[in-house]
Asker: 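Before anything else, here's the structure in question.
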Amino acid sequence: MDASTESLARQWLQAARHMLILTGAGVSAESGVPTFRDALTGLWARFNPEDLATEAAYRDHPGLVWDWYEMRRDMVRAVAPNPAHLAIAQWAAARPDKVTLVTQNVDGLHQQAGSEHVIELHGNLFRNSWLHGCGRCEAHRSDVTHPPSCTACGALLRPAVVWFGEDLPRVALYRAQHAAETADVCLVVGTSGLVYPAAGLPGRAKAAGARVIVVNSQPSALDATADAVLQAPAGECLPRLLAL
Ligand code: BJW
């Protein structure tokens, strides 16, 4: 990585009055959480995650998709935040009200690292909701079925994450878009930049005048939008970039 690009990016970050940090699966990679588009191992290597993360897949293969999420929950329970999560949490704690942290991740590792007010665009792996439930599902929950279901209406319990074709949580998306429009620096970490509307946030920030910094171990779809591209693992780069 070019040391002068990193030094320039650091100057922008230090001078920022308001900063948007957008993270994706790459920020958790060094904790041991596979990125969304990495090949999974074992049984799951046969499935494309993009094909499993839809309501249609859940309706067609509820047990399989539920087990995929249970496997991922177990995996995330066994890992810890890495230096990238910690650097972000410490940077934001030292700058109250100047940083908005928006994540596409559902693993909760930013919060575990100490980040507060994290905007979760795609939900959270450790919460469930009812798929088109009757409103009384929790009182009629049966764990005999796999996945759990409502004995009153037959609805299935589902992970409270956002699948393809589903709307993002309205308030979270509004707050993220507002942060993009008011930021003077947008730091993008570990996302392929392929999934919208999250991938549109750096462009929105740039259009409103922000400098965009991309940290990614590989080229990403957002490199063309960036004013600085730091091609490096987040766990190595962020502790330097965000050193207090
Ligand atoms: C490292 C690293 C290290 C590795 N250090 N870096 C506009 C244009 C085109 C399509 C659309 C559009 N608007 C909407 C769409 C449709 C769709 C979409 O975007 N499709 C595209 C695939 C084309 N979007 C939606 O459906 C969204 N809903 C929506 O827009 O509603 C309105 C609507 C309704 C109906 C029709 C149309 C519109 C919902 C999107 C929901 C995304 N959900 C998922 C699953 C969440 C649950 C779960 O986890 O199971 O969210 S998909 C998956 O992708 C997950 C992620 O959050 C998301 C983004 O992935 P991310 O984080 O970028 O990970 P990767 O794996 O792609 O990349 C990792 C990166 O890290 C790589 O670049 C590595 O190099 C890097 N890396 N190690 C630094 N150590």
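Both ligands and their constituent atoms are indexed starting at 1 by order of listing. Positions are given from 1 along the sequence.
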Asker: Report the nearest protein non-hydrogen atom to atom 63 (O) of ligand 1: residue, atom name, distance rounded to 0.1 Å.
Answerer: T191 OG1, 2.6 Å
Asker: OG1/T100 to CG/D97 distance, rounded to the nearest 0.5 angstrom?
Answerer: 9.0 Å
Asker: Answer yes or no: does an N/O atom from P219 fall short of 3.5 Å to an N/O atom of ligand 1?
Answerer: no
Asker: For ligand 1, which is the ligand I care about here, please tell me if G190 has any N or O atom under 3.5 Å from one of the ligand's N or O atoms.
Answerer: yes
Asker: Provide, to 0.1 Å, the distance between atom 77 (N) of ligand 1 and the closest protein heavy atom, together with that atom's residue and name.
Answerer: S217 OG, 3.4 Å
Asker: Could you list the atoms of ligand 1 found under 4.0 angstrom from a heavy atom of G165?
Answerer: 25 (C), 26 (O), 34 (C), 35 (C)
Asker: Under a 3.5 Å cutoff, is there a donor and acceptor pairing between the side chains of H117 and Q111?
Answerer: no
Asker: Any idea which atoms of ligand 1 are less than 4.0 Å away from a heavy-atom of R37?
Answerer: 54 (O), 59 (C), 60 (O), 64 (O), 65 (P), 66 (O), 67 (O)
Asker: For D143, enumerate each residue passing the salt bridge (Lys or Arg N to Asp or Glu O under 4.0 Å) test, keeping only those at least two apart in sequence or located in another chain.
Answerer: R141
Asker: Nearest to atom 5 (N) of ligand 1, what protein heavy atom do you find, and at what distance?
Answerer: A234 N, 2.9 Å
Asker: What orientation do H85 and H110 show, parallel under 30°, tilted 30 to 60°, or perpendicular over 60°?
Answerer: perpendicular
Asker: Which residue and atom name correspond to the protein heavy atom nearest atom 56 (C) of ligand 1, and how close is it?
Answerer: H122 ND1, 3.7 Å
Asker: Taking only residues two or more places apart in sequence, or in another chain, which ones meet F36 in a ring-ring contact (aromatic ring centres under 6.0 Å, His included)?
Answerer: none
Asker: Taking only heavy atoms of L168, which atoms of ligand 1 are found under 4.0 Å from at least one of them?
Answerer: 27 (C), 28 (N), 39 (C)
Asker: Salt bridge between E70 and R77, side-chain N to carboxylate O under 4.0 Å?
Answerer: no
Asker: Can you report which non-hydrogen protein atom sits closest to atom 32 (C) of ligand 1, along with the distance?
Answerer: D167 OD1, 3.4 Å
Asker: Number the atoms of ligand 1 from 1 as they appear, then name those within less than 4.0 Å of a heavy atom of P197, with their elements.
Answerer: 30 (O)
Asker: Is the closest N or O pair between V162 and ligand 1 shorter than 3.5 Å?
Answerer: yes
Asker: Could you tell me whether some N/O pair between N105 and ligand 1 is separated by less than 3.5 angstrom?
Answerer: no
Asker: Is there a protein heavy atom less than 4.0 Å away from atom 16 (C) of ligand 1?
Answerer: no
Asker: Under 4.0 Å, heavy-atom basis, I'd like to know which part of A29 is in contact with ligand 1: side chain, backbone, both or neither.
Answerer: side chain
Asker: Salt bridge or not between R72 and D107? Use side-chain N to carboxylate O under 4.0 Å.
Answerer: no
Asker: T103 and H122: side-chain donor and acceptor closer than 3.5 Å?
Answerer: no
Asker: Are the side chains of L20 and L187 in touch, meaning some heavy atoms are under 4.5 Å apart?
Answerer: no
Asker: Looking only at N/O atoms, are Q104 and ligand 1 under 3.5 Å apart anywhere?
Answerer: yes
Asker: Any side-chain heavy atom of M19 sitting closer than 4.5 Å to one from C186?
Answerer: no
Asker: Heavy atoms only, cut-off 4.0 Å: how does W163 contact ligand 1, side chain, backbone, both, or neither?
Answerer: backbone
Asker: Report yes if some N/O of V195 lies less than 3.5 Å from some N/O of ligand 1; otherwise report no.
Answerer: no
Asker: What residue and atom, counting heavy atoms only, is the protein's closest point to atom 24 (N) of ligand 1, and at what distance?
Answerer: Y196 O, 3.0 Å
Asker: Could you list the atoms of ligand 1 found under 4.0 angstrom from a heavy atom of E166?
Answerer: 27 (C), 28 (N), 29 (C), 31 (O), 39 (C)
Asker: Can you find a protein heavy atom under 4.0 Å from atom 10 (C) of ligand 1?
Answerer: no
Asker: Flag atom 38 (C) of ligand 1 as yes if some protein heavy-atom distance to it falls below 4.0 Å, otherwise no.
Answerer: no
Asker: Is E50 close to R37 at the side-chain level, that is, under 4.5 Å between some pair of heavy atoms?
Answerer: yes
Asker: What protein heavy atom sits nearest atom 62 (O) of ligand 1, and how far off is it?
Answerer: A25 N, 2.8 Å
Asker: Which residue holds the protein heavy atom closest to atom 3 (C) of ligand 1, what is that atom called, and what is the gap in Å?
Answerer: G26 O, 3.3 Å
Asker: Mind checking the SG-CG spacing from C137 to N128? Nearest 0.5 Å is all I need.
Answerer: 12.0 Å
Asker: Looking at every non-hydrogen atom in both residues, tell me the closest pair between V214 and S220 and how far apart they are.
Answerer: CG1-OG, 4.1 Å
Asker: Under a 3.5 Å cutoff, is there a donor and acceptor pairing between the side chains of Q104 and T191?
Answerer: yes
Asker: For G24, counting its heavy atoms only, list the atoms of ligand 1 lying under 4.0 Å from any of them.
Answerer: 62 (O)
Asker: Look at R17 together with D184 and state whether they make a salt bridge at an N to O cut-off of under 4.0 Å.
Answerer: yes
Asker: Just which atoms of ligand 1 are under 4.0 Å from any heavy atom in E30?
Answerer: 3 (C), 5 (N), 80 (N)
Asker: Report, in ascending order of atom number, the atoms of ligand 1 lying under 4.0 Å from any heavy atom of V161.
Answerer: 47 (C)
Asker: Side-chain contact test, heavy atoms from C-beta onward, threshold under 4.5 Å: evaluate it for P197 versus L168 and give yes or no.
Answerer: yes
Asker: Indicate yes or no: does E6 engage R10 in a salt bridge with an N to O separation below 4.0 Å.
Answerer: no
Asker: Relative to atom 74 (C) of ligand 1, which among V106, L230, V27, N216 owns the nearest non-hydrogen atom?
Answerer: N216
Asker: Is the shortest N/O to N/O distance between R72 and ligand 1 below 3.5 Å?
Answerer: yes
Asker: Can you confirm whether something in the protein, heavy atoms only, sits under 4.0 Å from atom 47 (C) of ligand 1?
Answerer: yes
